[in-house]
Every structure is written in C-alpha cells, then in structure tokens.
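One structure is given here, and the rest of the page talks about it.
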Amino acid sequence: MSELYDILVETPPTKVILLALDQGLWDCERSLAELSALCEANHMEAVAEVTQKRQTPETGIVLGSGKLEEAHLAAEELGAQCAVFDGELTGSQIRNISTALGGLEVIDRTMLILEIFRSRAVTNEGKLQTELALLRYRLPRLQGMGESLSRQGGGGGGGGGARRGAGETKLELDRRHVHARIDALAEKLAEMEKRRGESRKARAKTGMPVVSLVGYTNVGKSSLMNALCGPSVAEADMLFATLDPTSRKLVLPSGMAVLLVDTVGFVSRLPHNLVEAFKSTLEEAAWSDVIVRVADAGDEQREEQLAVTDEVLDGLDCADIPRLTVYNKCDKPNALNFDPDILLTSAKTGYGLDKLLQKLDGILSDRVHTLKVLLPYDKLGLAAPMRERGSVQVEEYREDGLYLEGIVKTEDLHCFEGYLV
C-alpha cells in the first residue's frame, strides 16, 4: 500500500469532467460528490461537472447534444483527459458520447469502481473476483462494438452467398474467449469458496465468537480495528483504501476472546456484478455472531449510508444476527451531538472504545459463563473446552486436582457439572 501512495504522490492526478443525468431518482448532488471522491480514490481530479435535468435520456447519447457540447468546451478549456458518467452506460452510448466530446475517453461509474477494485486487490481471490466482475460487465458491451467491427471486415470477393466479415468473426472470438475466461474464473472461485467454507466451519468449532465490522467505505472500519487490536491493517482517508477482509483476535473486558473481521466497504448503487463477485467476501458478515454497523459521525449522509449497509446485509441472510451501531470519527468538528443512547467512538483518540467493548460483552454474555472448577487428575481432558473454546484466567495444580478459573461457552457448561467450586 505504501508503494501505491508513493506513486500517487509522484504522478499528477488525471483531470476528468463529471457528467450526470438528473431524473429525480436520487440526490444528484450527493451522488456527484461521491463520484468525485471515487475519482480521487482512483487518482483522478474532477475539474468540472455537467448535469442535465430531464425525465428520459436522449437516445444514444443520454444527455442532450447541447449539454455534451458544453461538456466538450469545458473539457478543452480545463484540460480534462477523461469524462466520467454518473451511472451505467452501454457500449454504443460510450462510443457516441466519446464522439460528441471530440474523442475524449469516456467511462461510467461502474467502470470507475471496478478499476479501483482492480488496482487495490491484494489477495489472489480478490484479483480473481475483480477480473470476473470486469469481464461480466464488459461482455454485454461487446455487442455495442459489433457493427463497427463487422463493417471493417466487409464481404468482398467473387464467391456467392453471404460471408462473415473479419470484424464479426473477431467479435465472436472475443465473446468465446470472455465466456471461457468467466467459466474458468467462476470455477476457481467456487473452489476457493469451498475452502473458505471449510475454514469457517473449522473456525466455528473453536467456539470463538465472530464480530464483523461493516459499513460504508471510508467510515474508519480499518482504523477502528487497529485501535482495538493494535496496528497492522492499512488505512487511509479515501474510498476503498482496503478491500480484502482481515481477521484479528480481540479480547473483551470479560476475558472472552472474539474474532474481529474488517469487511469491504459499501457505496450507494454498488454495481450488481461487483456485489455478486465479492459475495463470498461479504458473506463473512453472515457468519458473524454480532454485526457492528459503522457510520461516520461527521457525515450528514450517515443515516442514508447505514440504509445502504442494511440493504446489502439484508440480501445476505443476516436478519437474525444482532446488530450494533457505532458512530465513529466523533472527534471531527461537525460530528453528531452527544446522545447517551448513541455509541460514539473515535479510533483516532480512543474515545468510546471501552463502551464499545462493554456493549459487545453484553450482547455476547449469553454465549459464555465464568466458572471456577476443580478437575481430578484423571479428568484433565475436561479442561479442553475452556482452553480451546474459551479462556483460562487462573490455573493451579493442587493436591486434589487442577484448579481453573475462566470462561467457557454456554454449550460447554455440561462438561464441568459436578466439578464446580
């Protein structure tokens, strides 16, 4: 990650112009602000915005020709090298808009997010998932290139009957190649998911409760994990600073050990292909004992962002898992006013972290019990549940047996019946 930042510091950002069609379906101003932040995360600088309010898109070019001419002039004047559209475009729309902008490169919101994921993925699984999402997104857009490719091939020659053009043949070859690659990637990821499932089962057998940090990207989940468990996870003030899930052991005030998982962040209108491709990663939340919804206390859109988080979680069969809401970054000047019913934290200053740990203890309290037991020396094997799935706080070898004080899971209580002190 440090190498990436060094490169970003040395290379000037690419200037881009933002395009948007406001149909009244969502807050266009907020969406453009997020698009600008996404551009920044991809080392781009938004130098202008061109929006148009209309109920229906212009056929072929989405925005009206007058608006595109306005964008063309702004791009030339400001030296923009690319236009980013706040929404999804078809292959033909991309080509038509690019032509209207004098050949300027055009990408859409989904392409931008996919590119961020492609450049940030670290693990092999993350890279494969990103490539799969890219290919699934590009496949239907190959059709938009079909006519121009087939025109390049032409029929020609004196032979009778229809002949396929070279362009059409190339398009079909491209499609076959993409389909084959998608199938190969899906097969590899299925194998990885099977291994992940086995790892989850093995983890469940250890009895260690799992707490997942979920929320909008850039709300400070990685910083919160580092503040609670000690620094080791890369963090930065930008969208999608970290992508791959990270697990760390965390000991609560009661002495109970839990596994804290930092998951990939969400954005509004997260591309469908990306949600599907990263489903195995996001499903970490579905295996949790507690889900901690993290929001930015200083962001005016925090409640809307929490709604986005819940929308994604609801699609992952997480309805029965207890959820705890944390408003992080409460040290910011414009942060949420203090309310005793609201859990405020600051990963930067440490404020509220003790209350967060106590809340987790309370939610998980029915899962564990503190015991004092004296095990005869011929029953030392009974100590395993406390050692492996709980925690031992006191251990003394006495004349009449092994004395233990510690925490055990509720389902292991029967192992110690008759030996309680």
Of all heavy-atom pairs linking Phe85 and Leu35, the shortest is C-CD2, 4.4 Å

List for me each residue that meets salt bridge (Lys or Arg N to Asp or Glu O under 4.0 Å) alongside Asp289, sequence neighbours excluded, and say none if there are none. Arg367

Does Arg54 use its side chain to pair, donor to acceptor, with the backbone of Thr56 at less than 3.5 Å? yes

Side-chain donor-acceptor contact under 3.5 Å, Asp86 with Ser31: yes

Salt-bridge contact Glu300-Arg30 (side-chain N to carboxylate O under 4.0 Å): no

Non-hydrogen side-chain atoms of Leu413 and Leu371 separated by less than 4.5 Å: yes

Just by distance, do the side chain of Ser36 and the backbone of Leu32 share a donor-acceptor pair under 3.5 Å? no

With rounding to the nearest 0.5 Å, note down the distance linking CG in Leu139 to NE2 in His177. 11.5 Å

Check whether Thr370 reaches the backbone of Gly406 with its side chain - one donor and one acceptor, N or O, closer than 3.5 Å. no

Donor-acceptor contact present, side-chain Arg248 to main-chain Asp262, <3.5 Å: no

Would you say the side-chain atoms of Asn328 pair up with the backbone N or O of Ala347, donor to acceptor, closer than 3.5 Å? yes

Using a 3.5 Å distance criterion without hydrogens, assess whether the side chain of Asp361 forms a donor-acceptor pair with backbone atoms of Ser254. yes

Using a 3.5 Å distance criterion without hydrogens, assess whether the side chain of Ser288 forms a donor-acceptor pair with backbone atoms of Ile291. no

If you compare all heavy atoms of Ala74 against all heavy atoms of Ile17, which two are closest, and at what distance to 0.1 Å? CB-CD1, 3.8 Å

Rounded to the nearest 0.5 Å, what separates atom OG in Ser247 from atom CE in Met225? 6.5 Å

Separation between CD of Gln55 and NZ of Lys53, rounded to the nearest 0.5 Å: 10.5 Å

Pairwise distance CD(Gln52) to CG(Leu63) - rounded to 0.5 angstrom: 5.5 Å

Can you tell me how far apart CD1 (Ile342) and SG (Cys330) are? Round to the nearest 0.5 Å. 11.0 Å

The reported gap from CE in Met192 to CG in Leu185 (rounded to nearest 0.5 angstrom) is 9.5 Å

Which heavy-atom pair separates Val408 from Phe416 by the least distance, and what is that distance? CG1-CE1, 3.6 Å

Dump the intermediate steps for side chain to side chain contact (heavy atoms under 4.5 Å, CB included) on Asp108 and Tyr137, then the final yes or no. CA-CA 11 Å; Asp108 62 17; Tyr137 187 71; 2.3 Å; yes

Which pair of heavy atoms, one from Tyr377 and one from Asp400, lies closest together, and at what distance? CE1-C, 4.2 Å

Lys188/Glu191 ion pair, N-O < 4.0 Å: no

Measure from the side-chain N and O atoms of Asn96 to the backbone N and O of Gly60, and report whether any donor-acceptor pair falls under 3.5 Å. yes

Side chain proximity check, Leu404 to Met386, heavy atoms < 4.5 angstrom: yes

Is the closest side-chain heavy-atom distance between Val258 and Leu360 below 4.5 Å? no

Is any side-chain N of the basic residue among Arg293 and Asp310 closer than 4.0 Å to the acidic one's carboxylate O? yes

In sequence, state the C-alpha distance, the side-chain angles, and the governing distance for Leu260 and Leu228, and then conclude on side chain to side chain contact (heavy atoms under 4.5 Å, CB included). CA-CA 9 Å; Leu260 188 63; Leu228 293 169; 4.0 Å; yes

Tightest non-hydrogen contact, residues Thr51 and Cys28, listed as CG2-SG, 4.4 Å

Set out, in order, the CA-CA distance, both residues' side-chain angles and the distance that settles side chain to side chain contact (heavy atoms under 4.5 Å, CB included) for Tyr327 and Lys329, then state yes or no. CA-CA 7 Å; Tyr327 292 88; Lys329 300 187 179 182; over 6 Å; no

Which residues pass the salt bridge (Lys or Arg N to Asp or Glu O under 4.0 Å) test with Glu304, not counting sequence neighbours? none

Single hit among Arg181, Arg138, Arg136 for salt bridge (charged side-chain N to carboxylate O under 4.0 Å, His left out) with Glu131: Arg181

Indicate yes or no: at least one non-hydrogen side-chain atom of Tyr419 is less than 4.5 angstrom from one of Leu374. no

Quick check: does any side chain N or O of Ser365 sit under 3.5 Å from a backbone N or O of Gly362, one acting as donor and the other as acceptor? yes

Beyond-backbone contact of Lys348 with Lys332, side-chain heavy atoms, under 4.5 angstrom: no

Side chains of Leu19 and Val106: does their closest heavy-atom pair fall under 4.5 Å? no

Looking only at side chains, do Asp296 and Gln305 share a donor and an acceptor under 3.5 Å apart? no

Report, as yes or no, whether the 6.0 Å neighbourhood of atom CD on Glu396 holds more than 12 heavy atoms from other residues, nucleotides or ligands. yes

Check whether any side-chain heavy atom of Glu115 lies under 4.5 Å from a side-chain heavy atom of Ile107, and answer yes or no. no

Heavy-atom count around Glu29 CD within 6.0 Å, excluding the residue itself: above 12? no

With no hydrogens and no angle check, is any side-chain donor or acceptor of Glu45 less than 3.5 Å from a backbone partner on Thr14? no

Test Lys67 against Asp22 for salt bridge (Lys or Arg N to Asp or Glu O under 4.0 Å), laying out the working first. CA-CA 13 Å; Lys67 278 293 178 182; Asp22 185 0; over 6 Å; no

Evaluation steps, side chain to side chain contact (heavy atoms under 4.5 Å, CB included), between Leu112 and Met44: CA-CA 10 Å; Leu112 176 60; Met44 294 173 163; 4.0 Å; yes

What pair of heavy atoms forms the shortest contact from Ile116 to Leu38, and how long is it? CD1-O, 3.3 Å

Any non-hydrogen side-chain atom of Pro57 less than 4.5 Å from a side-chain atom of Gln23? yes

